[in-house]
Amino acid sequence: MRKILETLQPLGRALMLPIAVLPIAGLLLRIGQPDLLDIAFVSAAGAAIFDNLGLLFAIGVAVGFARDGNGAAALAGVTCYLVTTNGAQTFLTVPPDVGAGLPEPVAALAMKNWAVGLIDRLEVPVGILSGLIGGHFYNRFATIALPEYLAFFGGRRFVPIASGVAGLLLAVVVGYGYAHISGAIDSAGRVVVESGGFGLFLYGALNRLLIVTGLHHIINNVAWFVVGDYAGATGDLRRFFAGDPAAGAFMSGFFPVMMFGLPAACLAMYHEARPERRKAVGGMLFSLAFTSFLTGVTEPIEFSFMFVAPLLYAIHALLTGAAMALMNALDVKLGFGFSAGLFDYVLNFSLATRPWMLLPVGAAYALVYYGLFRFFIRRFNLTTPGREAGEVAEAAAATPGSARGAAFVAALGGAKNLSSVDACTTRLRLIVADSQAIDEAALTALGARGIIRPSANAVQVVLGPVADLVAEEMRGVLASDAAVPVAAPASRTADTDATLPASLVEALGGEKNIRTVQALHGRYRVDLADEASVDAGRLATQGRGFVRAAPGVYHILHA
């Protein structure tokens with residue numbers, strides 16, 4: 001089971017890549033509508049993203065599964081997707097009445113559009129499958145060696161070729177089996193919709209419970225992009241923006257929880273903190289509450305009590321399920337492009353059904369969360385933030401740039417302990433050699449809200465919206481620390497084709513002052529024995545400039 005979770009981690013992260021563009025898509029689509037700015041090309045720009053989600057998923061999932069996020073995987077995912085969707089159309093039998101009575105060119109266009117419309121209903125599932133194929137094939141074939149007369153097509157170039165062949169097979173499956181596949185999706189969608197409040201309750205509760213694994217994105221994608229059909233738009237989210245009055249059931253219930261419930265829970269935890277600790281945790285809890293209210297980003301709050309007070313988290317999951325059922329019973333239909341925060345509520349107010357009902361429901365939810373959290377924290381002496389026994393390390397002051405990345409790398413056991421560094425919206429997703437080498441106290445001091453170990457080597461660190469930036473800083477640190485010792489002469493790198501110019505060696509204090517040097521893309525990384533021996537003025541005239549990355553470590557740009 002743990003191995004399965006470790007394998008699915010990249011899928012949960014990869015699914016967030018295309019979803020990350022939805023806020024700008026929703027913004028453009030809404031502000032261009034006649035009831036707002038009435039600018040047609042702006043609205044069309046937003047619609048273009050919604051109309052090509054399958055392609056975006058093919059790219060995002062492929063990159064997410066590729067071991068190094070290489071663009072060849074994205075190209076492979078796109079190739080598989082285009083071959084599949086266009087190939088599957090040829091297997092569909094167009095009804096005789098489509099294009100009947102129209103001139104031949106117009107009739108041909110009508111039949112083409114009919115087939116495209118059918119396949120588009122499956123674009124997101126096909127996009128995800130194509131991305132999985134592209135990413136997996138990249139990991140499997142990126143280093144393949146072909147005979148010399150075919151060598152040009154070897155390595156990374158082979159990946160989109162193999163993915164195209166896989167796309168042909170997938171096109172046959174989708175084309176021939178379209179009726180069965182589409183029927184199964186429709187049946188599943190009807191079961192979910194007809195289950196009413198009970199089904200929505202299960203969805204809401206399961207959505208929160210799966211956060212610990214990061215796999216809630218998978219069921220979200222089914223609900224938001226697959227279930228239901230309205231004028232060719234599938235999924236609750238896309239149907240909402242397409243104007244379906246019945247859409248929004250899988251989004252509405254999150255608004256009372258994210259805008260009112262969890263901020264009230266933060267207030268309850270603040271009031272239940274030890275008096276001497278309230279000042280220390282107050283700023284953190286206020287920041288988390290405000291983030292949830294404005295944007296709907298809740299994981300930092302949830303991880304602040306998920307493990308120290310699982311009873312509270314179980315209550316939170318049940319209340320989320322109840323909110324989904326309650327908003328549906330009240331016929332409230334709200335939607336979002338990113339998450340259930342104030343920004344999306346205001347932006348999409350005019351598209352919603354009975355949106356004003358959020359205010360009384362939200363107020364009630366704030367009281368319920370506040371009362372239940374205070375009662376259970378006090379009744380069972382739960383160790384929520386500010387109630388920890390003994391001294392607790394305070395969060396360190398924010399450290400910008402590479403210094404923060406270096407601090408995270410060190411807290412995670414050093415560069416040698418990190419096999420893979422990725423991130424999704426709010427958490428680092430890591431593969432480590434030894435999870436016991438992680439310094440959890442140091443991570444907490446750096447701002448970590450929670451640490452999850454889905455398997456022996458998989459680790460997730462919950463940070464909030466800065467997670468992706470921290471991951472990028474860590475990757476920069478890992479790249480800059482990749483220098484290898486070199487043999488004499490010291491001015492020669494491990495790559496025998498790269499040699500430091502004599503003038504550069506002199507500016508750096510001579511060969512004896514150079515410990516290691518590595519040729520990177522467009523620059524040299526040089527580790528020096530004595531930084532005082534560097535002639536900075538002379539060094540500045542060499543190449544295209546230099547950067548002091550750390551004490552004794554210089555990155556020198558070259559043509």
Polar contact flag, side-chain donor to acceptor under 3.5 angstrom, Arg429-Ser420: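 On atom types as modelled, these side chains do not qualify, holding no pair under 3.5 Å.
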Side-chain heavy-atom pair [X], [Y] within 4.5 angstrom cut-off:
{"X": "Val470", "Y": "Asp468", "answer": "no"}
{"X": "Met269", "Y": "Ile377", "answer": "yes"}
{"X": "Asn207", "Y": "Met324", "answer": "no"}

message: According to salt bridge (charged side-chain N to carboxylate O under 4.0 Å, His left out), does anything in residues 316-334 pair up with another residue at least two apart or in another chain? List the pairs.
response: Asp331-Lys333
Under 3.5 Å, which donor-acceptor pairs do the side chains of residues 352-361 form with other protein atoms, sequence neighbours left out?
{"unit_1": "Arg354", "atom_1": "NH1", "unit_2": "Leu330", "atom_2": "O", "d": "2.5"}

Non-hydrogen atoms of [X] and [Y] that approach each other most closely:
{"X": "Met258", "Y": "Ser339", "answer": "SD-OG, 3.5 Å"}
{"X": "Ala366", "Y": "Ala264", "answer": "O-CB, 3.2 Å"}
{"X": "Arg475", "Y": "Val421", "answer": "NH1-O, 2.7 Å"}
{"X": "Arg427", "Y": "Ile452", "answer": "NH1-CD1, 3.7 Å"}
{"X": "Ala325", "Y": "Gly197", "answer": "CB-O, 3.5 Å"}
{"X": "Ala268", "Y": "Arg374", "answer": "CB-CG, 3.5 Å"}

field: Salt bridge Arg453-Glu440, side-chain N to carboxylate O under 4.0 Å
entry: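 A salt bridge is present here (some side-chain N lies under 4.0 Å from a carboxylate O).
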task: Give me the ring orientation class for Tyr345 and Phe349: parallel if the planes are under 30° apart, tilted from 30 to 60°, perpendicular past 60°.
output: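 It falls in the perpendicular class, over 60°.
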message: Using 30° and 60° as the class boundaries, would you call the ring planes of Phe376 and Phe380 parallel, tilted or perpendicular?
response: parallel
Any side-chain to backbone donor/acceptor pair from [X] onto [Y]? Under 3.5 Å, distance only.
{"X": "Tyr313", "Y": "Val308", "answer": "no"}
{"X": "Asp344", "Y": "Ala340", "answer": "no"}
{"X": "Arg30", "Y": "Leu347", "answer": "yes"}
{"X": "Tyr369", "Y": "Ala364", "answer": "no"}

query: Would the Phe57 and Tyr81 ring centres measure less than 6.0 Å apart?
result: no
- prompt: What pairs with Arg278 under salt bridge (charged side-chain N to carboxylate O under 4.0 Å, His left out), at least two apart in sequence or on another chain?
  reply: none
- request: Check Tyr203, Phe338, Phe336 against Trp224 for a ring pair (Phe, Tyr, Trp, His ring centres under 6.0 Å) and give me the one that passes.
  value: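 Answer to the ring pair (Phe, Tyr, Trp, His ring centres under 6.0 Å) test with Trp224 among Tyr203, Phe338, Phe336: Phe336.
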Quick one: side chains of residues 430-438, donor-acceptor pairs under 3.5 Å with protein atoms, not counting sequence neighbours, listed by atom name and distance.
{"unit_1": "Asp434", "atom_1": "OD1", "unit_2": "Gln436", "atom_2": "N", "d": "3.0"}

task: Kindly state each residue pair satisfying ring pair (Phe, Tyr, Trp, His ring centres under 6.0 Å) with at least one member in residues 229-248, sequence neighbours excluded.
output: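 Applying ring pair (Phe, Tyr, Trp, His ring centres under 6.0 Å) to every pair that reaches into residues 229-248, excluding sequence neighbours, yields Phe50-Phe241.
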Approximate separation, where rounding is to 0.5 Å, of Met306 CE and Leu209 CG: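 These two atoms lie 9.0 Å from each other.
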- request: In sequence, state the C-alpha distance, the side-chain angles, and the governing distance for Arg238 and Glu123, and then conclude on salt bridge (Lys or Arg N to Asp or Glu O under 4.0 Å).
  value: CA-CA 13 Å; Arg238 288 203 293 177; Glu123 67 167 333; 2.5 Å; yes
field: Full working for ring-ring contact (aromatic ring centres under 6.0 Å, His included) between Phe373 and Phe305
entry: CA-CA 11 Å; Phe373 268 60; Phe305 63 86; 5.2 Å; yes
- prompt: What residues, two or more places apart in sequence or in another chain, satisfy side-chain contact (heavy atoms from CB on, under 4.5 Å) together with Asp229?
  reply: Arg121, Thr234
